[in-house]
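Heads up: the structure comes next, in structure tokens.
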Amino acid sequence: MSGRKPLIAGNWKMHKTIEEARELVSHLKRELSDLSEVDIVVCPSFTALENVGKLILGTNIKLGAQDVFYIKEGAFTGEVSPPQLKDCGCDYVIVGHSERRKYFQESNEMINKKIKASLEEGLNPILCVGETLEEREANQTIEVVTNQLEGGLSGIEENQLLKLTIAYEPVWAIGTGKTATPQQAEEVQKFIREWIEKKYSARSASSLRILYGGSVKPNNIKDLMREEDIDGALVGGASLDASSFIAIVKGAL
Ligand code: PGA
């Protein structure tokens, strides 16, 4: 950690009714409202965005969506646009999560369009990158992550980077209980920062936040946060339970 404010984002994935989402975020609000040293983001399903957004309005907990489409409006059944996300109070949006890449065939090109459209609307995109187990075992981690960065950030100007966060999420660590060791995560996160430095500048690289994601829990957050290039976490499973998410946020202090 080096002057960058930690960010902990909860990706609730396809979980929780509106009532359950309200309950969870009310609990977070009670416990975390005094905390200003960590940026906190919750990403409920589209169906709960508006309700959760109203409950956290004016607090230190920010609202994020889990995905977005890249066109402002039109005949795109089932999709949600950047202006619609802004309209229900979103500040952040997760783009290119590995589950989107895997189950919905999202390409780097599509992810790039989503990043651009989100930035244009003033949303803060969280771009997810990371390798599968087969890719890691074939020593392709750096190559895969480089492709995802090149594709995802193609045409993005340096002044737009201020709003961007990158999340390194090794696919083999997501939802498996198998966290990358802090050293494994740091190795790739340091590479990402160096890549940003080469493509943009040392200044942008040192202010960009890079999160780690993949089985982050209250008992491993502190060790992860000790690494120089880990600036926070994108939390899936452990963000569904108020007490474990609260412990993770506090563990990032
Ligand atoms: P997990 O998910 O914490 O359940 O491994 C992380 C993610 O998919 O962002």
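All figures in this text were calculated on a predicted structure; none of them were measured in a lab. Both counts, for ligands and for their atoms, begin at 1 and track the order of listing.
Salt bridge E50/K54: present, at least one basic N to carboxylate O contact under 4.0 Å.
The distance from ligand 1 to the heavy atoms of H97 drops below 4.0 Å at these ligand atoms: 7 (C), 8 (O), 9 (O). The distance from ligand 1 to the heavy atoms of G175 drops below 4.0 Å at these ligand atoms: 1 (P), 4 (O), 5 (O). Short contacts between ligand 1 and A173, defined as distances under 4.0 Å to a heavy atom of the residue, involve ligand atoms 5 (O). Ligand 1 places these atoms under 4.0 Å from at least one heavy atom of G214: 5 (O).
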| field | Candidate pair L153 and L164, rule side chain to side chain contact (heavy atoms under 4.5 Å, CB included), full reasoning | value | CA-CA 10 Å; L153 297 181; L164 186 92; 3.7 Å; yes
| message | Before you tell me yes or no, could you show the steps for E158 and S201 under side chain to side chain donor-acceptor pair (under 3.5 Å), namely the whole-Å CA-CA distance, both residues' side-chain angles and the distance that decides it to 0.1 Å? | response | CA-CA 8 Å; E158 181 158 12; S201 67; 2.5 Å; yes
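In terms of polar-atom proximity, defined here as any N/O pair under 3.5 Å, I174 makes no such contact with ligand 1. Any N or O atom pair closer than 3.5 Å counts here, and G236 shares at least one such pair with ligand 1. The shortest N/O to N/O separation between E99 and ligand 1 does not fall below 3.5 Å. For ligand 1, the polar-atom distance check against G237 finds a nitrogen or oxygen pair separated by under 3.5 Å.
You'll find the side chain of L49 stays beyond 4.5 Å of the side chain of V80, heavy atoms only. With a 4.5 Å cut-off on side-chain heavy atoms, I210 and R193 count as touching.
The closest approach between a heavy atom of S98 and any atom of ligand 1 is not below 4.0 Å. Using a 4.0 Å cutoff on heavy atoms, S215 counts as a contact of ligand 1.
Among residue pairs with one or both ends in residues 157-205, none qualify as ring-ring contact (aromatic ring centres under 6.0 Å, His included); sequence neighbours excluded.
In this structure, the protein non-hydrogen atom closest to atom 9 (O) of ligand 1 is E169 OE2, 2.7 Å.
A side-chain donor-acceptor contact under 3.5 Å links Q148 to the backbone of G130.
Put simply, the residue from D231, D39, T165 that forms a side-chain hydrogen bond (donor to acceptor under 3.5 Å, both in side chains) with R209 is D39.
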